[in-house]
There are 2 protein chains.
Amino acid sequence: MAAETLSLAGLEKTSLRQQALAALRRAITTGELAPGTHLVETELSESLQISRGTLREAMRQLQQEGLIAAGPRGRLSVRHLDAKEIRDIFAVRAALESLAAAQLCELADRAGVIAALHGAIAAMDDAERDGLEPRIEADLNFHRTLCRLTGNETLLHSWQSLEGNIRMSIMFAGLERAVRNMDVKRHADIVDAIETGDKAKAAETIRAHMSGAAQNLVG
Amino acid sequence: MAAETLSLAGLEKTSLRQQALAALRRAITTGELAPGTHLVETELSESLQISRGTLREAMRQLQQEGLIAAGPRGRLSVRHLDAKEIRDIFAVRAALESLAAAQLCELADRAGVIAALHGAIAAMDDAERDGLEPRIEADLNFHRTLCRLTGNETLLHSWQSLEGNIRMSIMFAGLERAVRNMDVKRHADIVDAIETGDKAKAAETIRAHMSGAAQNLVG
DNA sequence: ATCTGCGCGACTGTCAACAGTTGGTCTGTC
DNA sequence: GACAGACCAACTGTTGACAGTCGCGCAGAT
């Protein structure tokens, strides 16, 4: 029986707060909870089957992530994005990811990094057959990996706190427009630029990618 | 009695959660709560005279800001920064603020922006006589203003979520080292670069400023 | 002396209830 | 019919209490 006990399959005992957080994040970024919707604590806690206190903790986190906004008298509602805000979000995203690309260029041995990024691109390629959502996940995973590989935890954390906003932007613009940005070749260009080790070039490639992406979404 | 009722003096009715948030943030960034200190909910709620539920909401927010970190079994403790993390924080900060500088360069009419930034520098100059903390506040205010003037709310929000980490970095390095970065002239250089409207130059000025600042803190 | 249970104290996860405020509605009066 | 004022329902802010779990120390067996 040693094999079973060593598997540790049931290691992740997530708290109710984390489950609620994930559920709400998903509901908002998929549009199940429409922008502008007023989030009533009592209703939500009932539908999620958790207490208000636990729910409130999760909502604070979502508020900090920018997915929900506070109105007068503490009323929380699903944030609504307009075209300018999407452009602003992608400008910040471009700044963060170009830093990531530049930091990766500074690494002496980039072989492992390049391999990991190629793996992420391959996953994007595979996802093309699986539908829209998997493609979006694969795309976000590529960019998240870009940040993670730098080893700069602050950078990764900042990017992740933007991730919800990015997902909302995609949802707002519509999935059809969003998939235009999932082109494999353009992502391969990013990896190639990093491989050369030219910081300025890599950063500029990212900025161009993001500028085009924002244009695709709102233009 | 119209005068009194119109004064709106008591407009800011801050919730206990916000007060707790401010108090904790201050205690951590001033070192009153040393890095690594385990934050026991029952103790803190008693010393702050609030209930645990309210305290927990504030702690979630601090956790997202990166001021406190979660250990095993949900234990929260004051985050500890090492030299690498400070460099990482300042690299992200540089990326955000150079975006701010670049966006400000794109404005057709920069007169108002330049004036506001000169005002912030003048405040730094005044603060030189007032001691260490006011100088730090004036410095942070300058950089926050830089982000705010872009009108990019996401950028401002990202910067502010980094602000706590910046304050921790300053505390960690010691106030004597930190004030080396408060030089008025070097900040004036930033404003001058923005005034020329040269995006690349302005961004590079910021990056150099931040690189030097990080070096001053940990070098 | 070392190891194995066993309690016990300490803390976090979670919940249900109370209090205060705001906005709407309904009624009575002019 | 319009307006003023008083109820009333709906929410959020805040609290105290209960439950589960982890780590530690102590006693007893080998």
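Keep in mind that the numbers below use all heavy atoms, side chains included, and drop hydrogens, waters and symmetry copies. A, B, ... follow the sequence lines: proteins, then strands. Residue 1 opens every chain.
In this structure, CG of A:Leu55 is placed 16 Å from P of D:dT14, rounded to the nearest angstrom. Rounded to an integer number of Å, the gap from CD of B:Glu46 to C1' of C:dC11 is 14 Å. One can place CD of A:Gln18 at 13 Å from C1' of C:dT12, the figure rounded to the nearest angstrom. Distance, A:Ile50 CD1 to C:dC15 C1': 11 Å, rounded to whole Å. Taking atom CG of residue A:Leu21 and atom C1' of nucleotide C:dG13, one finds them 16 Å apart after rounding to whole Å. Distance B:Arg60 CZ to C:dT14 C1': 12 Å, rounded to the nearest Å. The CG atom of B:Leu44 sits 17 Å away from the C1' atom of D:dT14 (whole-angstrom rounding).
Atoms OG1 and CD1, from A:Thr154 and B:Ile89 in turn, are 4.5 Å apart once rounded to the nearest 0.5 Å.
One finds a side-chain N or O of A:Ser51 lying less than 4.0 angstrom from the OP1 or OP2 phosphate oxygen of C:dC15. OP1 or OP2 of C:dG13 has not a single side-chain nitrogen or oxygen of A:Thr54 nearer than 4.0 Å.
Taking B:Glu65 as the reference, A:Gln64, B:Arg25, B:Gln61, B:Leu62, B:Leu67 meet the side-chain contact (heavy atoms from CB on, under 4.5 Å) condition, with sequence neighbours excluded.
Inter-residue side-chain proximity for B:Leu175 and B:Arg135 is flagged as unmet; no heavy-atom pair is nearer than 4.5 Å. Side-chain contact between A:Arg17 and B:Arg56 is present, with heavy atoms from C-beta onward closer than 4.5 Å.
Defined by atom type and a distance below 3.5 Å, a donor-acceptor pair is present between the side-chain atoms of B:Asn165 and B:Arg79.
The local environment of CD in B:Gln19 is crowded, with over 12 non-hydrogen atoms from other residues, nucleotides or ligands closer than 6.0 Å.
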Table of protein N/O atoms under 3.5 Å from nucleotides 10-12 of chain D N/O atoms:
residue, atom, partner, partner atom, Å
D:dT12, OP1, A:Leu39, O, 3.4
D:dT12, OP2, A:Glu41, N, 2.9

